[in-house]
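Single-structure report; data block below.
Treat the numbers as computed from the prediction; the structure is a model and nothing was measured.
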Amino acid sequence: MSRGTKVNLNTGAAIPTLGYGTWQSAPGEVSVGVYEALKAGYRHLDLAKVYGNQPEVAQGLKKALAEIPGLKREDIFITSKLWNNSHRPEYVEEALDQTLKELDLDYLDLYLIHWPVAFERRSANELFPLTAKDSDETVLDDGVSIVDTWKAVVKLPKSKVRAVGVSNFTPEHLQAVIDATGVVPAVNQIERHPLLQQNDTLIKYAKEKNIHITAYSAFGNNTIGVPLLIEHPVVKDVADKIGATPAQVLLAWAQVGGHSVIPKSVTPSRIKSNFQEVTLGEDDVAAVNKIGETPRRYNIPMTYHPRWNVNIWNEEPEQNARRGVILG
């Protein structure tokens, strides 16, 4: 996969298949990471309000635009996301405006509904409202559906956002918003890696509907104390065989089929290494695919602290959730 590779969204816009993610970047690190990523050749940045670092992203972006010869704003595909406390229609454009202000930008290339879950809003700055009785549970807003939110998102001015989509949606969630509006999301950003491939379900559905898939957590997730997939022996064997790093193998695998992927690193050498072009043969892809014979999802909000008492994917930890996603 060439590092200049782009694919077209259903809007006609082109999105680079390798992006730079900013989730969990510590204060003081993300501005440097964004600058180094753009210097290395990345032209796709993935951001979110809830990451709490968009003003620092703006610093790195400004530095890059000032110092990298020929680089212009229109060369960079920038995504951000609507947070759960702004799902009510009257809050949607206000939330976008706040993100644009934090980034000091006139427009985004893509704006996503971050989760198919709405939080109660007591103030615009309270991202995780908690119950008075149980500080380990986030208060959900039962008065708004994902259809309500999507209807507001698709009405956002094109002068402020060029394309809109969703994140962490299932085929059922996607079908609900499509049926209600006739507007197909341009993108669905999902957890995807060799242990959670979803090829016969979500990936198949997205292909049928011409919804682009962006993968996050491409290396797995070590927040719960399990090794990242860069440590998996199969990934290491493929890497040794083709003279690549395990991270490069996983990123190349994630882009097979025209999907995009948004690895995060704040280390300049890793940022550059992740951007190196790697080609996987069919046998290499098949070997990595076999890792997923026993699927594993890491990102389940019912297991968060504070938890979100909602069943999103019908996984085992969600079976006793108070409610499911409110579709319409």
Query raised in the report: Residues in side-chain contact (heavy atoms from CB on, under 4.5 Å) with Ala64, at least two apart?
Result: Tyr35, Leu38, Ile68, Leu71

Report task. Apply side-chain contact (heavy atoms from CB on, under 4.5 Å) to Glu315 and list each qualifying residue two or more places apart in sequence or on a separate chain. Result -> Arg297, Ile300, Trp313, Pro317, Glu318

Report task. Return yes when atom NZ of Lys272 has more than 12 non-hydrogen atoms of other residues, nucleotides or ligands closer than 6.0 Å, and no otherwise. Result ->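 It does not: Lys272 NZ has 12 such atoms or fewer within range.
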
Query raised in the report: Could you go step by step and tell me if Tyr216 and Thr214 meet the side-chain contact (heavy atoms from CB on, under 4.5 Å) rule?
Result: CA-CA 7 Å; Tyr216 68 79; Thr214 296; over 6 Å; no

Query raised in the report: Does Lys39 have any side-chain hydrogen bond (donor to acceptor under 3.5 Å, both in side chains) partners at least two apart in sequence or in another chain, and if so, which?
Result: none

Query raised in the report: For residues Lys49 and Gln98, is any side-chain donor paired with an opposing acceptor at under 3.5 Å?
Result: yes

Report task. For residues Trp83 and Tyr91, establish whether the separation of their ring centroids is below 6.0 Å. Result ->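 No: the rings miss the under 6.0 Å criterion.
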
Requested in this report: For the residue pair Phe128 and Phe119, categorise the inter-ring angle as parallel (less than 30°), tilted (30 to 60°) or perpendicular (more than 60°).
Outcome: tilted

Query raised in the report: Taking the six-membered ring for Trp, are Tyr298 and His193 parallel (under 30°), tilted (30 to 60°) or perpendicular (over 60°)?
Result: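 Correct class here is tilted.
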
Report task. Could you tell me the separation between the CD1 atom of Ile242 and the CG atom of Leu280, rounded to the nearest 0.5 Å? Result -> 5.0 Å

Query - Residues Asn199, Arg192; criterion side-chain hydrogen bond (donor to acceptor under 3.5 Å, both in side chains); working and verdict - result: CA-CA 10 Å; Asn199 292 329; Arg192 188 168 187 264; 2.7 Å; yes

Query raised in the report: Salt bridge check: are Lys236 and Glu231 linked by an N-O gap of less than 4.0 Å?
Result: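 Yes.
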
